[in-house]
A.B. asks: 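Shown below is the structure under consideration.
Just follow the structure's listing: the first ligand is 1, and inside any ligand the first atom is 1.
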Amino acid sequence: MKNRQGILIVVSGFSGAGKGTLMKRLVEEYDGYALSISATTRTPRAGETDGREYFFMSREQFEKRIAEHALIEHAEYCGNYYGTPRDYVEQKLAEGRDVILEIEIQGALKIKAQYPDALLVFVSTPDAAELRRRLSGRGTETEDVIQKRLCRAAKEAEGIEKYDYIVINDDLETCVKELHGIIAAAHHAPARNEEFIEKMRGELEGKQIEN
Ligand code: ADP
Ligand code: 5GP
């Protein structure tokens, strides 16, 4: 639709729930999404490329970004900094694009405070055992880091009610469709269609409506 407002979508979820996999499928399957690339101080995993999955940097470089207000939010997660670059998000929203941030819960709540219209979606596995299997099966973290991430998951579970929606990533393709459906439905909220509503009211108000 012309003049459609872009939505800022925040996707969070337990480490290993499949957020990265889900985001990749979503942008492959549907046009128009702008996926924000975060900055982080964690070391790249095998197969990750600087500027594609993350902007990888030192703590010093990251702290410089914080001081310059170049990040719209940042948080520490299991010993590393993660943050969302401001420029990309603001530019894509101004273009009317739907912008997706795949970030953890502290960041999600900071975004909601700054952008009250943001749509918050939480991704989970069907059960905890599957989360454990996926984290181990990914083979990218040591047992020690997996334990830290599972501890963190227990804390994150306390905040799920702060999200607008929860999606269960059991079958990937079903989950991609559900997530896209939630975003598509959000575009139909009256608060996101104020211009249309005003126009329609103006046309109807006290006028002879031509046949
Ligand atoms: P996150 O980004 O949430 O930490 P990933 O996208 O890295 O999670 O997924 C964790 C692991 O689970 C990966 O090995 C991925 O291939 C696998 N995975 C993701 N979604 C599914 C799914 N629906 N069914 C089975 N395995 C999945
Ligand atoms: P991972 O190391 O598995 O890629 O990410 C660890 C956690 O950091 C995930 O929960 C992920 O959503 C979160 N994360 C990634 N980028 C950002 C960001 O820019 N800000 C915040 N607050 N969290 C992020």
Side-chain angles (χ1 to χ4, degrees), residues 8-29 35-57 62 65-66 70-89 99-115 118 120-142 144-146 148-157 159-160 162-163 166-179:
L8 185 56
I9 302 134
V10 177
V11 175
S12 303
F14 310 125
S15 181
K19 301 176 298 295
T21 310
L22 191 56
M23 293 305 103
K24 195 161 169 278
R25 287 296 297 138
L26 186 75
V27 297
E28 278 169 5
E29 209 136 313
L35 196 54
S36 164
I37 301 169
S38 295
T40 185
T41 59
R42 94 152 154 70
T43 43
R45 294 176 185 140
E48 286 184 334
T49 305
D50 187 43
R52 191 178 64 190
E53 281 79 13
Y54 282 104
F55 295 107
F56 295 100
M57 58 187 69
F62 196 102
R65 302 284 164 100
I66 299 173
L71 305 172
I72 47 177
E73 63 73 36
H74 70 276
E76 280 218 57
Y77 175 93
C78 296
N80 283 300
Y81 276 135
Y82 293 81
T84 307
R86 181 183 302 281
D87 287 358
Y88 180 85
V89 172
V99 181
I100 305 188
L101 311 182
E102 191 246 283
I103 66 177
E104 53 67 69
I105 187 163
Q106 300 170 71
L109 300 180
K110 288 179 201 161
I111 292 292
K112 188 74 184 174
Q114 284 178 71
Y115 301 85
L120 269 54
V121 183
F122 197 91
V123 181
S124 178
T125 45
D127 54 52
E130 177 63 11
L131 186 65
R132 180 70 167 96
R133 270 194 295 278
R134 287 189 195 170
L135 261 180
S136 305
R138 189 167 67 189
T140 51
E141 273 87 16
T142 59
D144 179 47
V145 173
I146 290 175
K148 275 192 192 148
R149 285 177 176 243
L150 288 170
C151 275
R152 178 64 181 239
K155 278 244 162 300
E156 291 192 332
I160 296 178
K162 300 200 167 86
Y163 285 73
I166 178 165
V167 289
I168 313 297
N169 179 20
D170 190 355
D171 174 65
L172 181 66
E173 293 310 315
T174 305
C175 193
V176 170
K177 285 197 183 79
E178 286 173 352
L179 181 57

A.B. asks: Say whether, by atom type as modelled, one donor and one acceptor occur between the side chain of Asp170 and the main chain of Pro126 under 3.5 angstrom.
C.D. replies: no

A.B. asks: Just to confirm my output: which protein heavy-atom neighbour is closest to atom 16 (O) of ligand 1, and how far is it?
C.D. replies: Thr21 OG1, 4.1 Å

A.B. asks: Enumerate donor-acceptor pairs with a distance under 3.5 Å from any side-chain N or O in residues 72-80 to protein atoms, sequence neighbours excluded.
C.D. replies:
| unit_1 | atom_1 | unit_2 | atom_2 | d |
| --- | --- | --- | --- | --- |
| Glu73 | OE2 | Thr84 | N | 3.4 |
| Glu73 | OE2 | Thr84 | OG1 | 2.5 |
| Asn80 | OD1 | Thr41 | OG1 | 3.1 |

A.B. asks: Around atom 10 (C) of ligand 1, find the nearest protein heavy atom and jot down its residue, atom name and distance.
C.D. replies: Gly16 O, 3.6 Å

A.B. asks: Which protein non-hydrogen atom lies closest to atom 7 (O) of ligand 1, naming both residue and atom, and how far is it?
C.D. replies: Arg138 NH1, 2.8 Å

A.B. asks: Check whether any side-chain N or O of Glu156 sits under 3.5 Å from a backbone N or O of Arg152 as a donor-acceptor pair, and report yes or no.
C.D. replies: no

A.B. asks: What part of Asp170, side chain, backbone, both or neither, has a heavy atom within less than 4.0 angstrom of ligand 1?
C.D. replies: backbone

A.B. asks: Against heavy atoms of Ser15, which atoms of ligand 1 measure under 4.0 Å?
C.D. replies: 4 (O)

A.B. asks: With a cut-off of 4.0 Å, which atoms of ligand 1 are near a heavy atom of Phe14?
C.D. replies: 3 (O)

A.B. asks: Enumerate the protein residues lying less than 4.0 Å from ligand 2, judged by heavy-atom distances, in chain and residue-number order.
C.D. replies: Lys19, Ser38, Arg42, Arg45, Tyr54, Glu73, Ala75, Tyr77, Tyr82, Gly83, Thr84, Glu102, Ile103, Glu104, Gly107, Arg149

A.B. asks: Treating Lys19 as the side-chain partner and Phe14 as the backbone partner, does any N or O pair qualify as donor plus acceptor under 3.5 Å?
C.D. replies: yes

A.B. asks: Just which atoms of ligand 1 are under 4.0 Å from any heavy atom in Leu172?
C.D. replies: 23 (N)

A.B. asks: Just by distance, no angles: are the side chains of Tyr81 and Thr40 close enough, under 3.5 Å, to form a donor-acceptor pair?
C.D. replies: no

A.B. asks: Ignoring hydrogens, what is the shortest heavy-atom contact between Ala17 and Val123? Give both atom names and the distance.
C.D. replies: CB-O, 3.7 Å

A.B. asks: Check the pair Glu141, Lys148 against salt bridge (Lys or Arg N to Asp or Glu O under 4.0 Å), reporting the backbone distance first and the verdict last.
C.D. replies: CA-CA 10 Å; Glu141 273 87 16; Lys148 275 192 192 148; over 6 Å; no

A.B. asks: Out of the candidates Tyr82, Tyr54, Phe55, only one should pair with Ser38 under the side chain to side chain contact (heavy atoms under 4.5 Å, CB included) rule; please name it.
C.D. replies: Tyr54

A.B. asks: Taking C-beta and beyond as the side chain, do Pro44 and Asp50 meet within less than 4.5 Å on heavy atoms?
C.D. replies: no

A.B. asks: Is it true that Arg25 and Thr21 share a donor-acceptor pair across their side chains at a distance under 3.5 Å?
C.D. replies: no

A.B. asks: Do me a favour and list the nearest non-hydrogen protein atom to atom 20 (N) of ligand 1 with residue, atom name and distance?
C.D. replies: Asn169 ND2, 3.1 Å

A.B. asks: Specify the protein heavy atom at minimum distance from atom 2 (O) of ligand 1: its residue, its atom name, and the distance to 0.1 Å.
C.D. replies: Gly20 N, 2.9 Å

A.B. asks: Relative to atom 26 (N) of ligand 1, which among Glu141, Arg134, Arg149 owns the nearest non-hydrogen atom?
C.D. replies: Arg134

A.B. asks: Can you tell me which residue and heavy atom of the protein come closest to atom 8 (O) of ligand 1, and the distance to 0.1 Å?
C.D. replies: Gly18 N, 3.1 Å

A.B. asks: Do Lys112 side-chain atoms and Leu120 backbone N/O form a donor-acceptor pair below 3.5 Å?
C.D. replies: no

A.B. asks: With a 4.0 Å cut-off on heavy atoms, does Gly137 reach ligand 1?
C.D. replies: no

A.B. asks: Under the 3.5 angstrom rule, does the side chain of Glu173 hit a backbone N or O of Val176 as a donor-acceptor pair?
C.D. replies: no

